[in-house]
Amino acid sequence: MDFKKCARCGCFFVSEDNVCCNCKAKDRFDSIKLQNYLEENSSPTSLEQISIETGISVKNLSRFDEVQKLDSYLNNNFSGTNISIEL
Ligand SMILES: [Zn+2]
């Protein structure tokens, strides 16, 4: 197994996951918070908005599957930013 750099705290660890064991619990907690938020707010307008209302940083949010599924939706609603999407 290779050493990986934790996507959350930056430490090196050996695991199949993207985050170290310390951050795994925090990730799970954030994930639950995010899911609860999305249940109540099915159409958030930006990652920043989700970040402010959940207290989860934009960097961490962008790693979650739920947000990656929202991405195309969010990008489509961002006419002000030029993001090219390669399909
Ligand atoms: Zn970590």
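Order of appearance sets the numbers: ligands from 1, and atoms from 1 within every ligand. What's counted below: heavy atoms across the whole structure, side chains too, no hydrogens, waters or symmetry copies.
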Separation of I52 CD1 from S57 OG (nearest 0.5 Å)
12.5 Å
At what distance, to the nearest 0.5 angstrom, does CZ of F64 lie from CG of D30?
5.0 Å
For N36, the side chain to side chain donor-acceptor pair (under 3.5 Å) test, sequence neighbours excluded, returns none
Point-to-point distance, once rounded to the nearest 0.5 Å, from CG of L70 to CG of D65
11.0 Å
Could you enumerate the protein N, O or S atoms under 2.8 Å from the Zn ion (ligand 1), written like residue then atom name?
C6 SG, C9 SG, C20 SG, C23 SG
Residues in salt bridge (charged side-chain N to carboxylate O under 4.0 Å, His left out) contact with K24, at least two apart in sequence or another chain
D17
For D27, side chain to side chain donor-acceptor pair (under 3.5 Å) partners two or more places apart
R8, R63
